[in-house]
Visitor: 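My questions all concern the structure below.
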2 protein chains.
Amino acid sequence: MATMHDVARLARVSVSTVSYVLTGTRPISDATRARVLEAMATLDYQPNAMARGLATRRSRIVGLLMPMSERGFGATETAFVTGAAAAASDAGYHLVLSPIGAGDLDDLRRLASQRMVDGVALMEVQVDDGRVTALQELGVPLVLIGRTSDTTDMSYVDIDFDQTVREAVDHLVGLGHQKIVYVNHSAATIAAGYGPALRTRDSFVAAMAGYGLEPVMIPADDSAAGGRAALAEALGKAPDLTAVLAMNENAIFGILAELSVRGRRVPHDVSVVSMVTSPAVAELAHPALTAMTSPGAALGRLAVEALLRQLDGTGAQHQQLLPCALEVRGSTCPVARPKNELTGTGLPGG
Amino acid sequence: MATMHDVARLARVSVSTVSYVLTGTRPISDATRARVLEAMATLDYQPNAMARGLATRRSRIVGLLMPMSERGFGATETAFVTGAAAAASDAGYHLVLSPIGAGDLDDLRRLASQRMVDGVALMEVQVDDGRVTALQELGVPLVLIGRTSDTTDMSYVDIDFDQTVREAVDHLVGLGHQKIVYVNHSAATIAAGYGPALRTRDSFVAAMAGYGLEPVMIPADDSAAGGRAALAEALGKAPDLTAVLAMNENAIFGILAELSVRGRRVPHDVSVVSMVTSPAVAELAHPALTAMTSPGAALGRLAVEALLRQLDGTGAQHQQLLPCALEVRGSTCPVARPKNELTGTGLPGG
DNA sequence: TCCGATTGTCGAAGCGTTTCGACTAACCGG
DNA sequence: CCGGTTAGTCGAAACGCTTCGACAATCGGA
């Protein structure tokens, strides 16, 4: 509750001197500084954030816009937020989380034009995202997590989907798998321009082509049921599949369930790799899933650090990709036999 | 960027008049109001949050303190945050999420004494929580999600664990189950004074006693492995168990895996009920889990609403409990036979 | 008809900082 | 010993809003 005035009076200096001690913008003699600091300590002084914000036109708050779907967010997104908050806190900033999605642009405009935030980080960026243009028009510094289609002059951090897919495919092919099915998000999600779904799709095609293999791809709704249906469809398209690469964290358990129902054992009959998955989720399955672990916390930290650099002018555009790390657990193993020509196209063991 | 001065000049009134139009604290003639509103519209005026905050000594920001563990948070906590953010937004407030745990009280004190937040809601409240006393000393309005041991003069919202456990037990007993094992959090978590673990434990004992049944309880580490170990222990203590009631969302998949390994089918041999679980997680299992669905979003909303009422003086202490709702899915069914004495203590079907 | 209350508006004084211009000493090289 | 820096400090003016006290005009009883 003590103000600068109180500190100044107790230290027998002017308020401006106190301010200079605090901000270091002008030289202060050691004696004076000591008196001021002592006064601050005895009064338990804390600068008032509002007053400071008004005078400097900087709130030292950055916003994190995270659309919250009804299905909540997984460990990946949580790690992201944690990393972002930690980075902000380290720099003496606060992080405001706003559950503002692509829908309510008005909310966003209000938040931004009230000058309550110095800059924002956007999560769940769509390939064509109205929030980006809205913020740019308002002149709000921003960094994306994810990418829009046109990244010119934009700062972003994102998962390196291309390398991640490549590593996953390398892992499976290295184990001898040839018939690999890729289970993506739903057709609707892809059509809506969800970047990760689009990018992994393209990368999968490219990676498979690099090995001269045919890329089989199936969309799946974001649910266990969607996973089951997708696997059924996959077995129709490629009855002799030996590996599944799943992008869809929500469908993965359905995939496993359907495999189990159909008598295909994991990993002996079918190897499964889950993409962009947190260890916690991977451990829930039995056997635990070999997965590409997303660099959630690191992404969050990088995003906020880039934003802060942009704010204080020590850095402009920042574009960075981070791959997911392959963590081999129990759901992948070498393919049963290289000579699986024996079974032709039929089911193994009828 | 337009300020009140600009609006006032354009509308040919004084700044105070503009302010009154905005806040409604004094009567304004319709003609004047119209002129002012029009000026605001043409200038695209937005009040500056900092200036307003400085003048009113209210930031219109409420904090949500959510300790973020490395294991991230589940759909329940996410729903909670969403509900809280929505409630804040509806009332024209912003929600600052701070990942401040029971550890860093200094961070907390700084946040609070900078007067950046008008009040705070605390998640993951421990039975004995230093944050509570710290905030009370600073005179910061606060509401808990969860409860400390002494709730005198405290506002809180929490899950009605007693009723939730009772309903779960009722459901199982109604299906004919008598040998019910309760899988709780780990011994360490219980010892640390984690409220939900303590309260459900007591409620389980009471509920079982109400039916004249013996309450068997097993602690489990928060992991799949913990669940497997717990189930093994449970089968040792009660080989003839027919139902498991699990409080531990992280252990549940381990429990299911171990049941499967031991040849006990769910739900035919063993019924399973998961407590305080979100539908999304319940659907991941196969069969989908009968669960007590936590009222996450509602809790968040109630907490923030109570806090805001406290802030504008239209409400003081607020204490409220909400039960989880029983959602019957595929993991529970009537007990195999009332005459299960046939099988003695051995495994059914050898 | 006069008085008290009400309505509508204004000017000015804060709110707690930062920052600019100015001023005093002390200091340095010539 | 003098003009020009430089270090150290102060007072005052912002920053953009709210709110208090004042005042004129209108109104409704007695």
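In this text the structure is predicted, and so the values were computed from the model without any measurement.
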Visitor: Choose from D:dG8, D:dT18, D:dG16 the nucleotide whose nearest atom is closest to any side-chain atom of B:Ala51.
Guide: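 The listed nucleotide nearest to B:Ala51's side chain is D:dG16.
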
Visitor: What are the two closest heavy atoms between B:Val132 and B:Leu142, and how far apart are they?
Guide: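 Closest pair (atom of B:Val132, atom of B:Leu142, distance): O-CD2, 4.2 Å.
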
Visitor: Main chain of B:Met154, side chain of B:Thr151: is a donor-acceptor contact present, judged purely on distance under 3.5 Å?
Guide: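 Pair absent, no side-chain N/O of B:Thr151 close to backbone of B:Met154.
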
Visitor: Between B:Ser29 and C:dT9, is there a contact of a side-chain N or O with OP1 or OP2 at under 4.0 Å?
Guide: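 True: B:Ser29 side-chain N/O within range (under 4.0 Å) of C:dT9 OP1/OP2.
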
Visitor: Find every protein N or O atom lying less than 3.5 Å from an N or O atom of nucleotides 22-27 of chain D, and list the pairs.
Guide:
from   : atom 1 : to      : atom 2 : distance (Å)
D:dA22 : N6     : B:Arg26 : NH1    : 3.2

Visitor: Within the structure shown, what part of the strands sits under 4.0 Å from A:Gln46 by heavy-atom distance: base, sugar-phosphate, or nothing?
Guide: sugar-phosphate

Visitor: How far does CG of B:Leu322 sit from CG of B:Leu299, to the nearest 0.5 angstrom?
Guide: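 It is 5.5 Å, given to the nearest 0.5 Å.
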
Visitor: Given axes from five pairs at either end, by how many degrees does the helix from C:dT1-D:dA30 to C:dG30-D:dC1 bend, rounded to 10°?
Guide: 30°

Visitor: Just the rounded figure in Å: distance from P of C:dT6 to CD1 of B:Ile28.
Guide: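 Going from CD1 in B:Ile28 over to P in C:dT6 covers 18 Å.
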
Visitor: Side chain of B:Met4 only, heavy atoms from C-beta on: which candidate in C:dT9, D:dT18, C:dG16 is closest?
Guide: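 So the side chain of B:Met4 is nearest to D:dT18.
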
Visitor: Under 3.5 Å, side chain of B:Ser59 to main-chain N/O of B:Gly53, donor-acceptor pair present?
Guide: no

Visitor: Output the rounded distance in Å from CE (A:Met40) to C1' (C:dG16).
Guide: 13 Å

Visitor: Counting neighbours of CD on B:Gln136 that are heavy atoms of other residues, nucleotides or ligands and sit closer than 6.0 Å, is the number greater than 12?
Guide: yes

Visitor: Side chain of B:Arg57: nearest nucleotide among C:dT17, C:dT9, C:dC15?
Guide: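 The nucleotide sitting nearest to the side chain is C:dC15.
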
Visitor: Is the side chain of B:Ser155 donor-acceptor paired with the backbone N or O of B:His318 at a distance under 3.5 Å, no angle test?
Guide: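 Pair found, side chain donor or acceptor close to backbone of B:His318.
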
Visitor: Can you name the residues that form a side chain to side chain donor-acceptor pair (under 3.5 Å) with A:Thr133, not counting sequence neighbours?
Guide: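 For A:Thr133 there are no side chain to side chain donor-acceptor pair (under 3.5 Å) partners, ignoring immediate neighbours.
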
Visitor: Can you find a side chain N or O atom of A:Thr25 that sits less than 4.0 Å from OP1 or OP2 on C:dT18?
Guide: no

Visitor: From CE of A:Met50 over to C1' of D:dG16, roughly how many Å is that when rounded to an integer?
Guide: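 Going from A:Met50 (CE) to D:dG16 (C1'), I get 13 Å.
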
Visitor: For B:Leu54 and B:Arg33, find the nucleotide of DNA chain C closest to each by heavy atoms; which residue's nucleotide sits nearer the 5' end?
Guide: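 Between the two, 5'-proximity favours B:Arg33.
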
Visitor: Taking ring pair (Phe, Tyr, Trp, His ring centres under 6.0 Å) as the definition, give me every residue that meets it alongside A:Tyr194, ordered by chain and number, with sequence neighbours left out.
Guide: A:His185

Visitor: Which whole-number value in Å describes the distance from A:Arg58 CZ to C:dT17 P?
Guide: 19 Å

Visitor: Counting neighbours of CD on A:Gln317 that are heavy atoms of other residues, nucleotides or ligands and sit closer than 6.0 Å, is the number greater than 12?
Guide: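 Counting neighbours around CD of A:Gln317, more than 12 heavy atoms of other residues, nucleotides or ligands fall under 6.0 Å, so yes.
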
Visitor: Looking at the side chain of B:Asn48, which of C:dG8, D:dC17, C:dT17 is the nearest nucleotide?
Guide: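 Selected nucleotide: D:dC17.
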
Visitor: Does anything in residues 82-96 of chain B pair up under salt bridge (charged side-chain N to carboxylate O under 4.0 Å, His left out), and if so which pairs, sequence neighbours excluded?
Guide: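 Every salt bridge (charged side-chain N to carboxylate O under 4.0 Å, His left out) pair that includes a residue of residues 82-96 of chain B, provided the two are not neighbours, is B:Asp90-B:Arg301.
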
Visitor: Expected output is a numbered-order residue list: members of residues 11-22 of chain B with a heavy atom under 4.0 Å from any atom of DNA chain D. What is it?
Guide: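 B:Ser16, B:Ser19, B:Tyr20 - these, ordered by number, are the residues of the stretch whose heavy atoms sit under 4.0 Å from the strand.
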
Visitor: Give me the atom names and distance for the closest heavy-atom approach of A:Ile28 to A:Tyr20.
Guide: CD1-CB, 3.8 Å

Visitor: Is B:Arg52 near enough to D:dG16 that one of its side-chain N or O atoms lies under 4.0 angstrom from OP1 or OP2?
Guide: no

Visitor: Can you see whether B:Ser19 engages B:Ser16 through a side-chain donor-acceptor pair at a distance of less than 3.5 angstrom?
Guide: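 Note: B:Ser19 and B:Ser16 side chains miss the donor-acceptor criterion.
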
